[in-house]
Amino acid sequence: MENDEHFMNLAILLARKGGGNVNPNPQVGAIIVNDGRIIGQGYHEKYGEAHAEINAFKSCIESPEGSTIYVTLEPCAHQGKQPPCFEAIIKNKVKRVVIGSLDPNPLVAGKGIEAMKKAGIDVSLKVLEKECKDLNKIFFHYVTQRTPYVMMKYAMTLDGKIATYKGQSKWITGEKARQKVHEDRSRFMAIMIGVETLLKDDPQLTARIKNGINPIRIICDTQLRTPLTSKIVSTAFEIPTIIATSNENIQKHQAFIEAGCEILLVSSISKHLDLKDLITKLGEREIDSLILEGGARLNASALKAGIVQKVQAYIAPKIFGGKEAPSSVEGLGVEHPDQAYLLDRPQVAYLGEDILLESELI
């Protein structure tokens, strides 16, 4: 129905407001409609707080009895930090429920839908399903795999260089592209680099935008070479910081712990961190998403380990040239073209003079 898509679109716009605040929960929006009029609306605003449906009922300007509620994701059917949402829908005597996407969480899995149908409520499913699923790709991946959704991000020139042959990379892209980077840092739960990037750039890895949410910072440091004087360690009491290492020297750990860092012991393969082991342990800490902003070597290792779900490539219309200038992915690479890492058709966006390509691995 045409009106169904209209109101679901509005619910999707509402849901996006929760980005970065609700992890590892999904982004959800809800619109309550009576006789074509919106009488209530809400979204999941913050992890641990009221869900979208509850906020929508609280905002109602008149009784929701006999109304239709549009929800981007199947209403929850289990007791977590909040009570089951389907119970509130039944209690408020809603006549019809329109759902965008089903919840893959086995704790939900259609239980609420069945209960609402038994209560005499008309339930319509999969309205703008693709758009609603796209909204929560991170959540769907995390709840089914129990590991973070990993987005590998880099900026490069038109000839594929991420720095000059002297190692200089500031700035390849313009202000609009860098603004987008900070918006994504605020939306993803964590950001990860390798120790070589830390030693070279001494970054802060913060979200430098208005009302930005700083991601958890993760350093891949096999031998624990991170300087205690680095910006990241110096601000570890302010921003959660994890140093993933295979170094088991407890005395060496202590200095980082006293500086506010968490030391995460990870197994190693060929004297490098086992990234699969790392990603599993991050998932156990309920980290649902991370941006990989490491250098070319870490990018190669992440692809080889199979932990990357999405690639985000910023392309600047300039050429560095140089045989020794680094590219975005180093390592040995593949031997034959048919061994290439395949990605789906990229989404293309123009950010000032730069181009952003976003594509998921197949």
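- Sorted by first and then second residue, the ring pair (Phe, Tyr, Trp, His ring centres under 6.0 Å) pairs with a member in residues 222-272 form an empty list; sequence neighbours excluded.
- Remark: side-chain polar atoms of Lys161 are paired, donor with acceptor, to backbone N or O of Gly322 under 3.5 angstrom.
- Listed by first and then second residue, the salt bridge (Lys or Arg N to Asp or Glu O under 4.0 Å) pairs that reach into residues 319-336 come to none, sequence neighbours excluded.
- Distance alone, capped at 3.5 Å, places no donor-acceptor pair between the Asp201 side chain and the Pro203 backbone.
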Worked verdict on Ile121 versus Ile89 for side chain to side chain contact (heavy atoms under 4.5 Å, CB included): CA-CA 9 Å; Ile121 297 173; Ile89 291 172; 4.0 Å; yes
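- A donor-acceptor pair under 3.5 Å is absent between the side-chain atoms of Ser186 and the main chain of Ala207, judged by distance alone.
- Glu293 pairs by the salt bridge (Lys or Arg N to Asp or Glu O under 4.0 Å) definition with Lys153, Arg185, not counting sequence neighbours.
- The environment of CZ in Arg297 is sparse: at most 12 heavy-atom neighbours from other residues, nucleotides or ligands sit within 6.0 Å.
- Screening residues 270-281 for salt bridge (Lys or Arg N to Asp or Glu O under 4.0 Å) gives Asp277-Lys281 as the qualifying pairs, with residues at least two apart or on separate chains.
- Tyr341 and Leu361 get closest at one heavy-atom pair: CB-CD2, 4.5 Å.
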Show which side-chain atoms of residues 191-200 pair as donor or acceptor with protein atoms under 3.5 Å away, not counting sequence neighbours.
| from | atom 1 | to | atom 2 | distance (Å) |
| --- | --- | --- | --- | --- |
| Glu196 | OE2 | Arg225 | NH2 | 2.7 |
| Thr197 | OG1 | Gly295 | N | 3.3 |
| Lys200 | NZ | Gly167 | O | 3.2 |

Apply salt bridge (Lys or Arg N to Asp or Glu O under 4.0 Å) to Lys137 and Glu360, showing your working. CA-CA 11 Å; Lys137 278 189 176 180; Glu360 292 200 324; 3.3 Å; yes
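- Side-chain atoms of Ser359 come within 3.5 Å of backbone atoms of Asp344 as a donor-acceptor pair (strictly under, hydrogens ignored).
- Side-chain atoms of Thr173 do not come within 3.5 Å of backbone N or O of Ala177 as any donor-acceptor pair.
- Judged purely by distance below 3.5 Å, without hydrogens or angles, the side chains of Thr245 and Asp221 never pair a donor atom with an acceptor atom.
- Without hydrogens or angle criteria, Asp288 side chain to Phe139 main chain gives no donor-acceptor distance under 3.5 Å.
- Legend: residues meeting ring pair (Phe, Tyr, Trp, His ring centres under 6.0 Å) with Tyr149, ordered by chain and number and at least two apart, are His141.
- With hydrogens and angles disregarded, no donor-acceptor distance shorter than 3.5 Å links the side chain of Tyr314 to the backbone of Gly174.
- Considering only heavy atoms from C-beta on, Ile287 comes within 4.5 Å of Ile216 through its side chain.
- The salt bridge (Lys or Arg N to Asp or Glu O under 4.0 Å) search around Lys310 returns Glu358, not counting sequence neighbours.
- Residue pairs meeting the salt bridge (Lys or Arg N to Asp or Glu O under 4.0 Å) criterion with at least one member in residues 29-40, sequence neighbours excluded: Arg37-Glu62.
- Between the side chains of Asp184 and Gln312, a donor-acceptor pair is found at a separation under 3.5 Å.
- Using a 4.0 Å cut-off between a side-chain N of Lys or Arg and a carboxylate O of Asp or Glu, Glu262 and Arg285 qualify as a salt bridge.
- Between the side chain of His44 and the backbone N or O of Gly29, no donor-acceptor pair lies under 3.5 Å.
- Considering only heavy atoms from C-beta on, Ile38 stays 4.5 Å or farther from Ile61 through its side chain.
- With sequence neighbours excluded, the residues forming a side chain to side chain donor-acceptor pair (under 3.5 Å) with Thr241 are Arg217, listed by chain and number.
- Residues Ile218 and Ala190 come closest through the heavy atom pair CD1-CB, 3.8 Å.
- More than 12 heavy atoms of other residues, nucleotides or ligands shown are found within 6.0 angstrom of CD on Gln145.
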Please walk me through it: do Leu357 and Gln347 pass side chain to side chain contact (heavy atoms under 4.5 Å, CB included)? CA-CA 6 Å; Leu357 299 181; Gln347 293 181 329; over 6 Å; no
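- With sequence neighbours left out, the side chain to side chain donor-acceptor pair (under 3.5 Å) criterion links Arg345 to no other residue.
- In this structure, Tyr350 and Ile355 have side chains that are in contact, with non-hydrogen atoms separated by less than 4.5 Å.
- Under the 4.5 Å side-chain heavy-atom criterion for Ile, Leu, Val, Met, Phe, Trp and Tyr, Leu205 and Val181 are members of distinct hydrophobic clusters.
- Within 6.0 Å of CD in Glu45 there are more than 12 heavy atoms belonging to other residues, nucleotides or ligands.
- Between Ala163 and Ser169, the shortest heavy-atom contact is CB-CB, 4.0 Å.
- With hydrogens and angles ignored, the 3.5 Å screen pairs no side-chain donor or acceptor of Glu114 with any backbone N or O of Lys111.
- Here salt bridge (Lys or Arg N to Asp or Glu O under 4.0 Å) pairs that include residues 234-244, with residues two or more places apart or in two chains, number zero.
- At a threshold of 4.5 Å between side-chain heavy atoms, the hydrophobic network of Ile, Leu, Val, Met, Phe, Trp and Tyr places Ile291 and Leu282 in two separate groups.
- Side-chain atoms of Tyr70 and Asp4 include a donor-acceptor pair closer than 3.5 Å.
- For Asp159, the side chain to side chain donor-acceptor pair (under 3.5 Å) partners at least two apart in sequence or on another chain are Thr157.
- No donor-acceptor distance shorter than 3.5 angstrom exists from the side chain of Ser230 to the backbone of Asp202, with no hydrogens or angles considered.
- For Lys318, the NZ atom sits in a packed shell: over 12 heavy atoms of surrounding residues, nucleotides or ligands are nearer than 6.0 Å.
- Proximity of Asp354 to Ile315: side-chain heavy atoms (C-beta onward) are nowhere separated by under 4.5 Å.
- Nearest heavy-atom pair across Phe320 and Gln168 is CE1-O, 4.4 Å.
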Leu14 vs Gln41, test: side chain to side chain contact (heavy atoms under 4.5 Å, CB included). Steps then yes/no. CA-CA 8 Å; Leu14 269 179; Gln41 56 186 328; 3.7 Å; yes
